[in-house]
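The next block holds one structure in the form of structure tokens; read it before the comments.
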Number of protein chains: 2
Amino acid sequence: MGRGITIEDVARAAAVSRQTVSRVINHSPRVSPEARARVEEAITALGWVPSLAARSMAGGRSRMLLAVFQGPASGTPLALPLDQLLLAGTAVCNAQGYRLLFEQLAPGITAAAGTAQLAATLGAAEPDGVILLPPLDSRSDLGALIEGRGIARESLAIAGHAPANAGEAAAQHLAGLGHRQIAFIAGAADPAVSQFNLAGYRRVLAAKGSRAHGHFVAETPPDLGAALELARSWLAPTIRPTAIITESAATALVVLHVAATLKLAVPRDLSLVALEDSPALGSSRPPIAVLHAPAGAPFAAACKRLIARKEARGESPSAEHAALPATLELIERASLARAPRAI
Amino acid sequence: MGRGITIEDVARAAAVSRQTVSRVINHSPRVSPEARARVEEAITALGWVPSLAARSMAGGRSRMLLAVFQGPASGTPLALPLDQLLLAGTAVCNAQGYRLLFEQLAPGITAAAGTAQLAATLGAAEPDGVILLPPLDSRSDLGALIEGRGIARESLAIAGHAPANAGEAAAQHLAGLGHRQIAFIAGAADPAVSQFNLAGYRRVLAAKGSRAHGHFVAETPPDLGAALELARSWLAPTIRPTAIITESAATALVVLHVAATLKLAVPRDLSLVALEDSPALGSSRPPIAVLHAPAGAPFAAACKRLIARKEARGESPSAEHAALPATLELIERASLARAPRAI
DNA sequence: TTGAAAGCGCTAACAC
DNA sequence: GTGTTAGCGCTTTCAA
């Protein structure tokens, strides 16, 4: 039905010129209140929505952002929480009248072919801004290509690829609660990430003069059986951790279960933090706290910044493109408490 | 650098008119081989990529598909494997020169507001086709809105919302392997899905004359402790299931662990199938088979069909929009075997 | 087989 | 403040 309504129709209905309609939808101050009112009324009456394609052609702004990521090797699980990015990103973009497009660079693709693919997309879609997702954020050739076209760029660094260290932060937080006997159980999908977190954890304990990292560390992801045994062997003795950091959500649940069987109350006798979230952690008894890098928020922030740059007519494409600091988020849940007085 | 190359530049370089260039990129047969060759050479030489916006305006085809989904209520995990859809969808679309856009309808949004939001997006982006993702696939008002604009539509039905019943299929498969004592442990995020699977499972067992569904069924998702107990209580006795279906991946791992402690060999003494995949299932010993509805494939198929309809100049928007049958995929892994002779 | 003309719907300059 | 004039880069007629 509504197909075919143009700015012309709106202009006629409001008895103004197309330009005035254009000024209204572009928030130009140079429109009289009366005209503006008539135009807005006509717009809603007709249900008109300006065509992105037309605006793109005429205005030189596509109101479109492009997020580029590296596709997973076949069978490999994707390292990126794409759904979170999509959710957070589209929400921000849509709110500002922008669209967000995702572009997948084939996993095993050569540098040259990848550049070509991106170049093609840039040419076709003419995005107003591009976000390079890890591990592409470090590809300077892609960055150069983008900025060479005069397009704004942001690079997203997230957990594991990032300066922020969840292992360190978790240990720090627990130490702040008075804990000294803090354990760590690896379980990240990527061993490199585990090493990174582990190093951070060790740093904190060393700084606090604790030697728990000598006794209470599992460097490799345990399966269910191993995790059960491990937790039992740590928690049954009198000298035991008062807090445990687990990289995987599953292991956190195992620890919780073992604690329960040993009559250890969480969080009174044992604090628990996972470095990975999962719905199950929120519904366990008690729910288990999580410290992780929320990918959605920084991504949304990157989108916002790109849009702001365009809106501000700021023609500073190759300006700042600092990688976002990977901020960590602590989901406080009932599994955290101050350390018991003496241990 | 390359910014500003237009069809005009290519035409000049190839010593033809713009039309000829246009014909070449649109695969018109009415171009001489020589002209075509010159044009193609010029295109690659200049690195020209036709502007989507311009093509959209002039041609009436945006080469853009829109996937609409319902956003998750805050805190709620998304019911849709968005990343899989994104991966599979963009791959198919990009291969055909199309783009795929995702639109999120606010979760608690009213029907009217949802329609308005979709209408706005349809007007702005002018997609060539729209895919309604569950649970939006059943919203006839949205379907009508889309087709009213002359836009092709597909609706995707996936697991749980779909005719295909993973519980039934899993039971059927195990029965085909000779199993009669087949157990079922619920664990889907959505209880309605569990009910659905459970019903299917019961149907199969009843048809086979088995009464296992009287003894070996857990209707509510057990937590870790409950799952351990449950598995032990079922597997320790002489009369026990020879196969177990678990809805959650985590529970499958628990069962595997218990079986190991009881010296039951999987799959010799016990077959195992999960209705949810997870990387951990692939790396357990033995790896655990999965039967699930892969969302990516049917979604990609829907994209393909929408594109094909456009390419075929088939102006049959309100034509067939049959919901895709939710196909199930069995990932055969070493956890499946024929039932032991006697039990 | 090819080219010329005429837009698609909107915005950027300019006038008024 | 408002209208007018040109296009943006491509495809669609229609002629040749």
Side-chain angles (χ1 to χ4, degrees), chain A residues 2-39 42-43 46 48-64 97 122-126 128 150 310-311 313 315, chain B residues 2-39 42-43 46 48-64 97 122-126 128 150 310-311 313 315:
Chain A
R3 203 68 290 279
I5 306 161
T6 77
I7 195 175
E8 193 63 61
D9 302 320
V10 176
R12 206 172 308 131
V16 294
S17 73
R18 302 186 298 199
Q19 205 39 239
T20 301
V21 177
S22 175
R23 289 191 180 104
V24 168
I25 65 172
N26 287 299
H27 307 107
S28 162
R30 316 180 147 275
V31 182
S32 70
E34 304 81 54
R36 179 182 305 279
R38 289 210 312 283
V39 168
I43 289 177
L46 296 178
W48 174 67
V49 182
S51 154
L52 273 181
R55 300 184 88 176
S56 173
M57 276 209 72
R61 290 164 53 194
S62 61
R63 287 150 211 272
M64 167 148 257
L122 293 184
E126 301 163 294
D128 285 348
K310 263 295 163 186
E311 295 296 324
R313 309 209 140 301
E315 298 302 345
Chain B
R3 202 68 290 277
I5 306 161
T6 77
I7 194 175
E8 194 62 61
D9 302 320
V10 176
R12 206 171 309 130
V16 296
S17 72
R18 305 188 294 198
Q19 295 344 308
T20 303
V21 177
S22 176
R23 289 188 180 105
V24 168
I25 65 172
N26 287 300
H27 307 106
S28 161
R30 317 182 148 274
V31 182
S32 70
E34 304 80 54
R36 179 182 304 280
R38 289 210 311 283
V39 168
I43 289 178
L46 295 179
W48 174 66
V49 182
S51 154
L52 274 182
R55 300 185 87 174
S56 174
M57 276 207 72
R61 288 165 54 194
S62 61
R63 287 148 209 274
M64 166 149 257
L122 292 184
E126 301 163 294
D128 285 347
K310 262 296 163 187
E311 295 297 323
R313 307 210 142 299
E315 297 302 345

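Just so it is clear: chains get the letters A, B, ... in the order the sequence lines come, proteins before strands, and each one is counted from 1.
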With a 3.5 Å cut-off and sequence neighbours excluded, list the donor-acceptor pairs that the side chains of residues 7-15 of chain A form with protein atoms.
from   : atom 1 : to     : atom 2 : distance (Å)
A/Asp9 : OD2    : A/Thr6 : N      : 2.8

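- Atom CZ of B/Arg61 and atom CG of B/Leu52 lie 11.0 Å apart (nearest 0.5 Å).
- Screening residues 50-59 of chain A for salt bridge (Lys or Arg N to Asp or Glu O under 4.0 Å), with sequence neighbours left out, gives no hits.
- Note that CD of A/Glu311 and CZ of A/Arg63 are 6.5 Å apart. Values are rounded to the nearest 0.5 Å.
- Under the 4.5 Å side-chain criterion, counting only non-hydrogen atoms from C-beta, B/Arg38 is in contact with B/Val16.
- Proximity note for B/Ala58 (side chain, C-beta onward) versus C/dT11, C/dT1, C/dC8: the nearest is C/dC8.
- For B/Ala54, counting side-chain heavy atoms from C-beta on, the closest listed nucleotide (D/dC10, C/dG9, C/dT1) is D/dC10.
- Heavy-atom distances under 4.0 Å link DNA chain C to no residue of residues 6-13 of chain B.
- Atom CE in B/Met57 sits roughly 6 Å away from atom C1' in C/dC10 (whole-Å rounding).
- Of the P atoms belonging to C/dA13 and C/dG9, the separation is 23 Å, rounded to the nearest Å.
- The phosphate of D/dC10 (OP1 or OP2) has no side-chain N or O of B/Ser56 nearer than 4.0 angstrom.
- Ranked by how close their nearest DNA chain C nucleotide is to the 5' end, A/Ser51 and B/Arg36 are led by B/Arg36.
- Not a single side-chain hydrogen bond (donor to acceptor under 3.5 Å, both in side chains) links A/Ser56 to another residue, sequence neighbours left out.
- In this structure, OG in A/Ser51 is found 6.0 Å from CE in B/Met57, a value given to the nearest 0.5 Å.
- For DNA chain D, if you chain together Watson-Crick or G-U pairs that step i with j, i+1 with j-1 and so on, the runs of at least three with distances under 3.5 Å are C:1-11 with D:6-16, C:13-16 with D:1-4.
- Shown for residues 16-24 of chain B: residues whose heavy atoms fall under 4.0 angstrom of DNA chain C, namely B/Val16, B/Ser17, B/Arg18, B/Gln19, B/Thr20, B/Arg23.
- The shortest side-chain heavy-atom distance between A/Val31 and A/Val39 does not fall under the 4.5 Å cut-off.
- When side chains are defined from C-beta on, B/Arg23 counts as touching B/Thr20, because their heavy atoms get closer than 4.5 Å.
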